[in-house]
**Q** 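I'd like to ask some things about the structure below.
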Amino acid sequence: MTLRTHPPRIRHLRAYTVDAPGGGDYHDQPTGHWIDDQIATPMAVYPEYRASRQSFGLNVLGSLVVEAEADDGTVGFAVTTGGEPAAWIVERHLARFVESVPATDLERLWDQMFRATLFYGRKGLVLNAISGVDLALWDLMGKLRGQPVYELLGGPVRDEQVFYATSARPDLAEGMGFIGGKMPLQHAPVEGEAGLRANIEQMRTMRERVGDDFFLAYDCWMSLDVPYALRLAHGLDGLGVRWVEEALPPDDYWGYAELRRGLPPGMLCTTGEHEAGRLGFRMLLEMGCADIIQPDVGWCGGLTELMKISALADAHGKLVVPHGSSVYSYHFVITRHNSPFAEFLMMAPDADAVVPMFSPLLLDEPVPENGRLTLPDTPGFGVRLNPECALRRPFAH
Ligand SMILES: C[C@H](O)[C@H](O)CC(=O)C(=O)O
Ligand SMILES: [Mg+2]
């Protein structure tokens with residue numbers, strides 16, 4: 001009989017918030033940033049909340065930083081969105097499962113965190129918190145083993161990854177070497193025929209700027225209904241739009257299935273950035289809601305859950321192109337055949353330069369150069385917390 005060699009145990013789990021803008025909450029940007037310019041949202045039905053997503057509180061949560069310290073002093077960490085409420089969940093609820101347990105027991109810990117929070121969790125903020133803990137544990141495991149996380153996931157399946165850019169200016173992204181560009185839709189259904197025409201014209205103008213060989217997509221951020229989404233999609237037909245993203249509220253599986261069936265030939269239906277857990281994605285896949293699923297590693301349950309979501313998608317012959325999530329996504333994408341490219345969110349205020357997505361919170365955060373990236377072999381996720389960003393620990397236990 002072989003005895004299990006005992007890995008270090010987790011001594012302490014800590015959760016912090018960050019007062020500075022940006023970081024894990026990439027929507028929390030200063031005034032004038034393209035990501036808070038007029039973008040179609042579910043709140044557009046209320047005129048007073050139409051011009052800015054910050055007006056209805058998109059940035060209320062802020063960043064969450066989770067640190068997991070092993071009893072040999074090694075510290076793993078991760079950042080995501082969640083701020084104070086998620087910090088409370090981590091410290092006051094999740095920590096009890098994680099502390100004093102072997103640092104490599106990720107599957108058991110995930111299962112305990114998920115089961116224990118079922119009565120108030122399942123998706124949303126609680127899953128952000130679980131994701132933060134899970135990613136911190138993966139970082140810790142990489143550091144304990146002296147390996148980058150992508151090696152722990154099975155190793156790279158290609159030498160480098162390529163990126164499309166999410167940006168108000170796909171034309172600028174084209175010049176930076178990205179393979180495609182996804183624009184935020186500006187006008188919501190409540191803005192009527194003129195808004196619909198403007199949405200279509202904006203894409204036409206962008207197509208004229210980028211030429212025929214650069215793929216374009218529209219991100220609709222949950223703002224449409226099925227009839228409008230179908231009219232938009234057919235109005236865009238002929239403009240080489242590769243996909244229409246997150247057109248509907250995340251729980252409208254029936255609507256997504258109908259939309260996907262009605263899209264013009266060649267135009268894909270994508271969604272999933274606000275979905276969580278393997279059962280949520282099972283709904284999307286089994287009901288025929290999406291051609292590409294887009295889980296966010298920091299929101300869907302972390303890497304432990306993403307591996308299952310990805311395997312499910314693979315079995316359905318579907319691609320997984322994770323939403324944002326920077327380095328946490330990159331370590332995953334490089335290890336999966338059904339994730340042929342990654343998203344890069346252009347966080348420069350005018351979308352005119354490549355800057356790290358979680359800036360200024362992380363140091364050594366990798367960014368694509370000329371649209372491509374080869375990850376370093378630094379242990380864990382290979383990033384460090386920027387000591388100039390002050391952390392607060394509001395619910396220390
Ligand atoms: C640009 C989008 O509205 C959103 O801020 C980001 C997103 O949904 C995506 O990157 O996808
Ligand atoms: Mg999106």
Side-chain angles (χ1 to χ4, degrees), residues 21-30 33-44 49-61 80-81 128 163-170 172-173 178-188 199 202-203 206 215-224 229 232 241-250 256 259 268-276 284 289-300 319-326 328-330 333 339 341-351 354-358 367-368:
D25 192 350
Y26 64 92
H27 283 126
D28 189 20
Q29 299 292 341
H33 197 289
W34 72 265
I35 208 150
D36 198 37
D37 203 359
Q38 182 178 348
I39 288 178
T41 79
M43 287 294 281
Y49 296 116
R50 199 173 293 160
S52 140
R53 292 193 285 189
Q54 291 191 1
S55 71
F56 65 79
L58 181 61
N59 58 335
V60 288
L61 290 173
T80 182
T81 325
N128 288 23
F163 291 81
Y164 80 92
T166 295
S167 165
R169 296 293 306 272
L172 299 182
F178 290 92
I179 59 169
K182 182 177 77 190
M183 281 196 297
L185 189 79
Q186 281 205 305
H187 303 284
N199 284 332
Q202 199 178 348
M203 184 58 84
M206 195 50 70
F215 87 68
L216 289 171
Y218 245 152
D219 189 321
C220 308
W221 211 73
M222 309 172 276
S223 63
L224 310 182
L232 174 70
V241 172
R242 185 148 174 200
W243 72 72
V244 173
E245 174 171 322
E246 218 189 12
L248 308 173
Y256 275 109
L259 172 61
L268 306 179
C269 188
T270 74
T271 191
E273 71 184 71
H274 296 103
E275 187 56 84
L284 289 177
C289 299
D291 300 287
I292 299 177
I293 57 165
Q294 301 165 308
D296 186 298
V297 195
W299 304 343
C300 73
L319 300 183
V320 179
V321 180
H323 169 256
S325 41
S326 182
Y328 304 110
S329 156
Y330 310 157
V333 165
S339 297
F341 57 93
E343 174 180 10
F344 184 74
L345 256 154
M346 297 290 281
M347 292 317 300
D350 295 320
V354 169
V355 298
M357 181 183 166
F358 289 153
V367 290

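What you see is a predicted model, and the numbers here were worked out from it, not measured in a lab. Start at 1 and go down the list; that is how both ligands and their atoms are numbered.
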**Q** Within a reach of under 6.0 Å around CZ of Phe215, are more than 12 heavy atoms found that belong to other residues, nucleotides or ligands?
**A**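 Counting other residues, nucleotides and ligands, CZ of Phe215 exceeds 12 neighbours.
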**Q** Of the backbone atoms (N, CA, C, O) and the side-chain heavy atoms from C-beta on, which set of Glu246 has a member under 4.0 Å from an atom of ligand 1: side chain, backbone, both, or neither?
**A**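 Within the 4.0 Å criterion, Glu246 makes no contact with ligand 1.
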**Q** Please could you name the atoms of ligand 1 that Glu245 approaches to less than 4.0 Å, counting only its heavy atoms?
**A**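 By the 4.0 Å cutoff, the relevant atoms are 9 (C), 11 (O).
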**Q** Are the side chains of Trp221 and Pro184 in touch, meaning some heavy atoms are under 4.5 Å apart?
**A**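 Heavy-atom side-chain distance check fails, nothing below 4.5 Å.
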**Q** To the nearest 10°, how many degrees is the angle Glu273 OE1 to the Mg ion (ligand 2) to Glu245 OE2?
**A**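 Vertex at the Mg ion (ligand 2): approximately 100°.
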**Q** Do me a favour and list the nearest non-hydrogen protein atom to atom 2 (C) of ligand 1 with residue, atom name and distance?
**A**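 It is Asp219 OD2, 3.7 Å.
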**Q** Any heavy-atom pair between the side chains of Leu185 and Leu232 that's under 4.5 Å?
**A**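 Leu232 reaches Leu185 side chain to side chain.
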**Q** Side chain or backbone of Gln294 under 4.0 Å from ligand 1, or both, or neither, by non-hydrogen atoms?
**A**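 Looking at Gln294 and ligand 1, no heavy atom falls under 4.0 Å.
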**Q** Verify, without hydrogens or angle tests, whether Trp34 (side chain) and Met346 (backbone) share a donor-acceptor contact under 3.5 angstrom.
**A**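 Checking the backbone N and O of Met346 against the side chain of Trp34, a donor-acceptor pair under 3.5 Å is found.
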**Q** If the cut-off is 2.8 Å, does any N/O/S atom of Asp219 fall short of it from the Mg ion (ligand 2)?
**A**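 Yes, within the cut-off.
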**Q** Quick one: look at Tyr26 and ligand 1, take heavy-atom pairs under 4.0 Å, and tell me if it's side chain, backbone, both or neither.
**A**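 Within the 4.0 Å criterion, Tyr26 contacts ligand 1 through side-chain atoms alone.
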**Q** Which of the atoms of ligand 1 are close to Leu345, meaning less than 4.0 Å from one of its heavy atoms?
**A**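 Answer for ligand 1: 10 (O).
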**Q** Which ligand 1 atoms, with their elements, are less than 4.0 angstrom from a heavy-atom of Ile35?
**A**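 Those qualifying, in numeric order: 5 (O).
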**Q** Below 4.5 Å, heavy atoms only, C-beta onward: do Arg53 and Met43 meet side chain to side chain?
**A**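 With C-beta onward as the side chain, the pair stays apart.
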**Q** Tell me whether Tyr26 contacts the main-chain N or O of Gly324 through its side chain, where contact means a donor paired with an acceptor under 3.5 Å.
**A**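 Checking the backbone N and O of Gly324 against the side chain of Tyr26, no donor-acceptor pair under 3.5 Å is found.
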**Q** Give the numbers and elements of all ligand 1 atoms closer than 4.0 Å to a heavy atom of His323.
**A**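 Near His323, the atoms of ligand 1 are 6 (C), 7 (C), 8 (O), 9 (C), 10 (O), 11 (O).
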**Q** Evaluate the side-chain proximity of Ile35 to His27: yes if any heavy-atom separation is below 4.5 Å, no if none is.
**A**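 When only atoms from C-beta onward are counted, Ile35 and His27 do touch, with a gap below 4.5 Å.
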**Q** Is any side-chain heavy atom of Glu246 closer than 4.5 Å to a side-chain heavy atom of Cys220?
**A**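 Side-chain contact under 4.5 Å: no.
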**Q** Would you tell me which option among Glu343, His274, Met183 has the nearest heavy-atom contact to atom 10 (O) of ligand 1?
**A**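 Checking each option, the heavy atom nearest atom 10 (O) of ligand 1 is found in Glu343.
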**Q** Considering heavy atoms of the protein only, find what lies nearest to atom 3 (O) of ligand 1 and give residue, atom and distance to 0.1 Å.
**A**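 Ranking protein heavy atoms by distance from atom 3 (O) of ligand 1, first comes Arg53 NH1, 2.9 Å.
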**Q** Name the closest protein heavy atom to atom 5 (O) of ligand 1, giving the residue it belongs to and the distance to 0.1 Å.
**A**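 Here the nearest protein heavy atom works out to His27 NE2, 2.7 Å.
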**Q** Any idea which part of Met222 is under 4.0 Å from ligand 1, heavy-atom wise: side chain, backbone, both or neither?
**A**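 Under 4.0 Å from ligand 1, Met222 contributes no heavy atoms.
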**Q** Any idea which atoms of ligand 1 are less than 4.0 Å away from a heavy-atom of Thr166?
**A**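 Counting atoms of ligand 1 from 1, those under 4.0 Å from Thr166 are 1 (C), 10 (O).
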**Q** Ring pair (Phe, Tyr, Trp, His ring centres under 6.0 Å) with Tyr330: which of Phe344, Phe358, Phe163, Phe341?
**A**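 Option passing the ring pair (Phe, Tyr, Trp, His ring centres under 6.0 Å) with Tyr330: Phe163.
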**Q** For Trp221, counting its heavy atoms only, list the atoms of ligand 1 lying under 4.0 Å from any of them.
**A**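 Here the atoms of ligand 1 in question are 3 (O), 4 (C), 8 (O).
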**Q** Counting C-beta onward and ignoring hydrogens, is there a side-chain heavy-atom pair between Thr80 and Tyr328 closer than 4.5 Å?
**A**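 No. Closest side-chain heavy atoms not under 4.5 Å.
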